[in-house]
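To keep things clear, I will list the structure first and then write my remarks on it.
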Protein chains: 2
Amino acid sequence: MAEIQSLARGLKILELLAQAENGVSVTELAEELGVDKSSASRLIQTLATYGFAEQDPTSRRYRLGPQVVRLSRSLLTRMPLRDEAKPFLRQLVERTGECAHLAILAQGQALYVDQVESPASLRVTTGVGTLAPLHCTALGKCLLAFDNGIALPKELPSYTPRTITDPEVLRLHLEQTRRQGYAIDDEEYDFGVRCVAAPVFDYRGKVIGAIGISGPAGRMGLDRLPHYAQVVMDAARELSNRMSFRRS
Amino acid sequence: MAEIQSLARGLKILELLAQAENGVSVTELAEELGVDKSSASRLIQTLATYGFAEQDPTSRRYRLGPQVVRLSRSLLTRMPLRDEAKPFLRQLVERTGECAHLAILAQGQALYVDQVESPASLRVTTGVGTLAPLHCTALGKCLLAFDNGIALPKELPSYTPRTITDPEVLRLHLEQTRRQGYAIDDEEYDFGVRCVAAPVFDYRGKVIGAIGISGPAGRMGLDRLPHYAQVVMDAARELSNRMSFRRS
DNA sequence: CAGTTTGTTGTGTATTGTACAACTGCCTGG
DNA sequence: CCAGGCAGTTGTACAATACACAACAAACTG
């Protein structure tokens with residue numbers, strides 16, 4: 001009895017609401033959870049009274065409520081790494097003209113927690129809150145390569161023809177990443193998008209996140225990547241220094 | 001029995017986690033909820049297994065988990081208004097040099113759901129997910145003035161000496177807002193910050209949100225406000241047109 | 001190292017969440 | 001326009017489950 005059933009069901013409902021495109025009906029919820037309509041109805045009513053869900057008056061379907069946005073903000077604003085990283089992200093955008101991102105490890109995936117947009121009209125925006133796989137993104141590879149505690153993902157799903165799907169190839173690739181101190185994503189997750197990222201460490205040398213830039217392959221030619229890598233690494237190193245002082 | 005107790009308690013815990021600066025201990029949770037330590041422990045364990053809470057390994061205190069950021073993203077990306085508004089927010093920043101915001105009504109407050117930052121080094125950023133009072137912000141006043149269904153807030157707390165705290169004064173002020181088609185916040189919520197906002201309507205003429213700009217009082221002189229108001233209203237009107245086509 | 005505080009794990013009991021059923025409002029088709 | 005079906009909510013009885021109490025483990029403090 002280590003898990004509160006009805007709370008767990010409520011949380012599952014939140015996830016279902018997040019996945020659903022156009023809201024979810026009570027009957028669908030009941031089917032998905034394997035409970036009666038009445039139970040599903042009461043559960044989501046509770047979610048609604050606390051602002052975590054909302055009912056569309058006409059269709060009677062439920063969707064996520066504004067409360068989740070508030071919670072998210074609380075989490076993000078209370079993240080020291082995010083505060084410290086912001087100026088470096090801006091700096092990266094200034095120096096490279098591409099979008100800059102900050103990600104941390106969350107549930108075996110890379111969670112994008114901040115972004116500064118490029119001024120270019122063609123830009124690669126990855127919304128804050130996005131979860132991306134570790135094995136085919138530059139930020140993810142950084143987390144994977146420099147975090148000793150983490151194991152390689154069992155599955156290496158393919159997103160583009162360039163995605164590394166062989167565990168052994170990935171292992172070697174990560175070793176190289178460790179050696180050179182930065183990671184590259186060469187159209188392995190999104191067609192036509194290249195990324196460069198470097199790890200951020202705390203005072204104990206533990207990886208706490210990664211910062212990097214993403215841009216269209218056209219602008220981010222392979223020959224220019226080493227230059228970008230240097231810029232990103234410099235920023236990451238300086239940010240790591242900053243984080244070392246905030247021993248929280 | 002219209003409310004599932006344990007789910008409600010779990011949601012209250014989430015709110016407590018959001019408010020707490022440095023995480024919350026199990027004992028604190030138990031006290032706050034009026035339940036036993038053991039119950040609080042099991043509730044938050046359930047939250048943790050689903051990624052809604054995280055335990056700091058050293059301090060054993062709990063904080064919000066990454067799952068809430070994911071949910072938030074789902075909600076925000078599924079918001080048609082947000083997609084449509086983005087280019088107009090960028091346009092506002094370009095034309096005025098100040099930060100632009102989009103807000104909707106949520107739980108009797110203005111919820112900031114998007115922002116485009118000003119390039120100026122002195123800028124007014126209001127994080128996405130912020131809740132602000134309706135009676136002393138430009139975006140809030142728009143929602144208040146143009147939404148027929150909504151009642152005036154009972155309490156009109158004061159944030160600066162300029163905050164309107166008299167209901168009658170506010171009523172007249174909102175009438176003027178309706179007449180002129182835009183709202184102003186003249187340092188009524190934040191010292192030294194002025195805002196201008198205009199409402200966004202759907203195809204039925206119902207307010208679905210508001211967009212506006214915020215800047216330091218130094219740059220946003222009172223004499224320039226009418227000009228800014230025109231720019232904001234133009235954008236809001238065009239955005240309203242766009243929204244009329246998406247009859248969802 | 002003893003004492004104290006804090007978090008987690010058993011366990012019996014009663015509260016509470018659940019399924020079943022009845023009810024209401026809505027939509028659809030004849 | 002009405003009959004039939006469907007989706008969502010409310011009532012109710014029962015049993016599952018979440019709860020308080022207690023014991024235990026672990027960490028902090030003096």
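Here A/Tyr62 does not reach the OP1 or OP2 of D/dA7: none of its side-chain N or O atoms lies under 4.0 Å away. OP1 and OP2 of C/dT6 both lie 4.0 Å or more from every side-chain N or O belonging to B/Gln55. For the pair B/Gln45 and C/dT9, the criterion of a side-chain N or O lying under 4.0 Å from OP1 or OP2 is met. For C/dA19, the OP1/OP2 oxygens have a side-chain nitrogen or oxygen of A/Ser39 closer than 4.0 Å. The side chain of A/Ser6 contributes an N or O atom lying less than 4.0 Å from OP1 or OP2 of D/dA18.
Proximity note for B/Ser38 (side chain, C-beta onward) versus C/dT9, C/dT8, D/dC19: the nearest is C/dT9. Minimum atom distance to the side chain of B/Thr27 is reached by C/dT6, of the listed C/dA19, C/dT6, C/dT18. Considering only side-chain atoms of B/Ser41, the nucleotide from C/dG10, C/dT8, D/dT12 that sits closest is C/dT8.
Between the CD1 atom of B/Ile4 and the P atom of C/dA19 there is a distance of 10 Å, given to the nearest Å. B/Arg60 has its CZ atom 9 Å from the P atom of D/dA26, to the nearest Å. Taking atom CD on A/Gln5 and atom C1' on D/dC19, their separation rounds to 15 Å, with Å as the unit. The CG-P distance, from B/Leu29 to C/dT8, rounds to 11 Å in whole Å. Put simply, CD1 on A/Ile13 is 13 Å from C1' on C/dG17, counting in whole angstrom units. Protein atom CG of A/Asp56 is 15 Å distant from nucleotide atom C1' of D/dA7, rounded to whole Å. A/Leu43 places its CG atom 14 Å from the C1' atom of D/dG8, with the value rounded to the nearest Å. At whole-Å resolution of the value, CD in B/Glu31 and C1' in C/dT6 are 12 Å apart.
Residues A/Asp185 and A/Lys141 are not paired through a salt bridge, judged by the lack of any N-O separation under 4.0 Å between the basic side chain and the carboxylate. Under a 4.0 Å N-O distance rule, the pair B/Glu15/B/Lys12 does not qualify as a salt bridge. Between A/Arg63 and A/Asp56, at least one side-chain N (NZ, or NE/NH1/NH2) sits under 4.0 Å from a carboxylate O, which counts as a salt bridge. One finds no salt bridge joining B/Glu3 and A/Arg42 here, because no Lys/Arg side-chain nitrogen approaches an Asp/Glu carboxylate oxygen to under 4.0 Å.
Residue-environment remark: CD (A/Glu168) exceeds the threshold of 12 foreign heavy atoms within 6.0 Å. Summarising the local packing, CD of B/Glu32 is surrounded by 12 or fewer heavy atoms from other residues, nucleotides or ligands at distances under 6.0 Å.
Within the nucleic acid shown, B/Arg9 comes within 4.0 Å of sugar-phosphate atoms alone, with no base atom in reach, counting heavy atoms only. No engagement by A/Glu28 is indicated, since no non-hydrogen atom pair under 4.0 Å with the nucleic acid exists.
A donor and an acceptor atom sit less than 3.5 Å apart, one in the side chain of B/Arg42 and one in the base of C/dG10. For D/dA7, the base has no donor-acceptor partner in the side chain of A/Ser25 [N/O atoms by modelled type, under 3.5 angstrom].
Each of A/Leu7 and A/Asp36 was assigned the nucleotide of DNA chain D with the nearest heavy atom; the assignment lying further toward the 5' end belongs to A/Asp36. Each of B/Ala40 and A/Arg61 was assigned the nucleotide of DNA chain D with the nearest heavy atom; the assignment lying further toward the 5' end belongs to A/Arg61.
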